[in-house]
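Scroll down for the structure; my scribbles are underneath it.
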Amino acid sequence: MSELKRQGFATRAIHDGQAPDELTGAVNVPIYLTSTYQQEEIGKNKGHEYARLTNPTRDALEVSLCSLEGGTSAHVFASGMASITALCTMMKSGDHVVCSDNVYGGTARMFDNVMAKFGLGFTYVDTSVAENVAAAITPATKLVHIETPTNPMMAVTDIRAVADICHARGVELCVDNTFLSPYLQQPIALGADIVMHSTTKFLNGHSDGLGGVLVCTKPEHDETFKYVQKCTGGILSPFESYLLLRGVKTLAIRMKQHDANGRVVADFLTRHKNVLKVFYPGLADHPHHALATRQQSGFGSMISLETGSLANANKFAKNLKLALLAESLGGVETLVCHPASMTHAAVGAEGRARLGITDGLMRISVGIEDVEDIVADLAQALDAIG
Ligand code: PLP
């Protein structure tokens, strides 16, 4: 498949890492359910010793994800949070991280409540203003970690501008690309050193498996994260690796439909009387619309809307008939979440107020059902607010 390597995204999503099985010709990568591998003699094996180190299903997935993000190596972990935990092992006590102030609540919770205990320091800034990143970098800063668009306020950060600021100061940039997937955004091409994903979301696409990945660009990342997989063991299981291999085969076509449906739903929401504000970078009046248009190849299907109060949000949520009230995002089904009580509960009331995450804010992960059905469901649930 190497001659197809630089061909189209959809082709690579189906073929890279996913060559037919050499033994049987099976067109899907087998799920290798083994914890260990027979060795031919002492010190001689077929490239595998123990499943915490390597597993052929997981290896295939790492080749696939590396290709889709345009990196030099990829390392999969048991969840998105496990991959961010692994990312932190690049650093040592006394090192400092600058992070988007509007990241997934679990990311900030882990940084502040777990990693800070080991002497890492964290500063949160609005990275949609690139100068804020420059101002927050100190001599101890090793990493800038951003999410774009942010969760749930959909602010967009200029990846190239932030990468330039980082590189001028010898700092590395990691981009959480979960919301758009490599189909709609290519952070490494824009200068990022590392891309991370909660693969639980669009990459898997079917809400049936947790996972996380770090896609890297340097030999030292490859060495570090391979070693971390081996030493800490938070690796992705063969079965979930298989689910992801299957999921990414349809990533291109799913993302096209997510993007198309997202645009229609956002437009509909702007016209509903019970929606006070819509947060979606695809809308012409979004403050970062021009940047999103330049930096992304679509706007995706993550949309937040302001209903005005917790009571309104709850009426909306309770009246949904097709969309599901649930944490998470990126599945084929439309999912609606209440950030204040779900993804951003850990941020606290004060933190949420600072970020603009009100009790009336709802977030929609628009699925790939027929868009008329999605709009009809949202319309009747919004009408129920009164
Ligand atoms: N990053 C983003 C943007 C997320 O939305 C999430 C989870 O919602 C995570 C990271 C954490 O991923 P996981 O739930 O797979 O651990």
Side-chain angles (χ1 to χ4, degrees), residues 61 65 69 74-88 97 99-115 122 124 127-128 143-157 159 174-182 184-185 187 192 194-215 232 234-237 240-241 243-244 247-248 258 279 281 296 300-304 324-331 335-347 355 357 361-366:
L61 174 64
L65 298 182
E69 284 288 3
H75 307 273
V76 291
F77 296 90
S79 66
M81 290 319 304
S83 67
I84 306 179
T85 302
L87 178 72
C88 290
V97 178
C99 182
S100 298
D101 61 1
N102 193 205
V103 279
Y104 167 59
T107 301
R109 177 177 58 196
M110 196 270 284
F111 284 167
D112 294 341
N113 298 346
V114 180
M115 289 301 157
F122 298 92
Y124 297 91
T127 57
S128 69
L143 182 75
V144 171
H145 180 74
I146 65 171
E147 248 177 60
T148 179
T150 57
N151 184 3
M153 303 311 290
M154 310 301 160
V156 181
T157 290
I159 297 174
C174 177
V175 178
D176 182 333
N177 202 23
T178 300
F179 267 31
L180 288 174
S181 90
L184 295 178
Q185 181 165 271
I194 297 172
V195 170
M196 80 66 40
H197 280 271
S198 164
T199 62
T200 313
K201 311 300 186 315
F202 288 102
L203 287 173
N204 171 300
H206 298 75
S207 306
D208 57 8
L210 285 178
V213 66
L214 297 175
V215 183
T232 66
I235 41 101
L236 196 65
S237 74
E240 276 166 321
S241 295
L243 289 176
L244 258 167
V248 296
H258 277 297
F279 302 85
Q296 305 170 189
S301 68
M302 299 305 300
I303 305 171
S304 293
L324 308 172
L325 179 67
E327 302 238 11
S328 204
L329 59 112
L335 297 174
V336 173
C337 110
H338 181 240
S341 65
M342 296 180 178
T343 55
H344 288 69
V347 175
L355 298 171
I357 304 173
L361 188 81
M362 297 298 285
R363 191 192 73 189
I364 307 178
S365 169
V366 180

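When a ligand or atom number is given, it counts from 1 through the structure's own listing order.
At a threshold of 4.5 Å between non-hydrogen side-chain atoms, the residues Asn204 and Glu240 do not count as touching. In this structure, the side chains of Ile364 and Ser301 stay at 4.5 Å or more apart for every pair of heavy atoms. Leu87 has its side chain within reach of His145: a pair of non-hydrogen atoms, C-beta onward, lies under 4.5 Å apart.
Of the options Thr199, Val195, Leu236, Thr178, a side chain to side chain contact (heavy atoms under 4.5 Å, CB included) to Val213 is made by Thr199 and by none of the others.
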Which protein N or O atoms sit under 3.5 Å from any N or O of ligand 1? Give atom names and distances.
unit_1	atom_1	unit_2	atom_2	d
ligand 1	1 (N)	Asp176	OD2	2.7
ligand 1	8 (O)	Lys201	NZ	2.8
ligand 1	12 (O)	Ser198	OG	3.1
ligand 1	15 (O)	Gly80	N	2.9
ligand 1	15 (O)	Ser198	OG	2.8
ligand 1	15 (O)	Thr200	OG1	2.7
ligand 1	16 (O)	Gly80	N	3.1
ligand 1	16 (O)	Met81	N	2.9

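Note that OG of Ser198 is 7.0 Å distant from CG of Leu329, once rounded to the nearest 0.5 Å.
Using cut-offs of 30° and 60° for the angle between ring planes, the Phe111 and Phe122 rings count as parallel.
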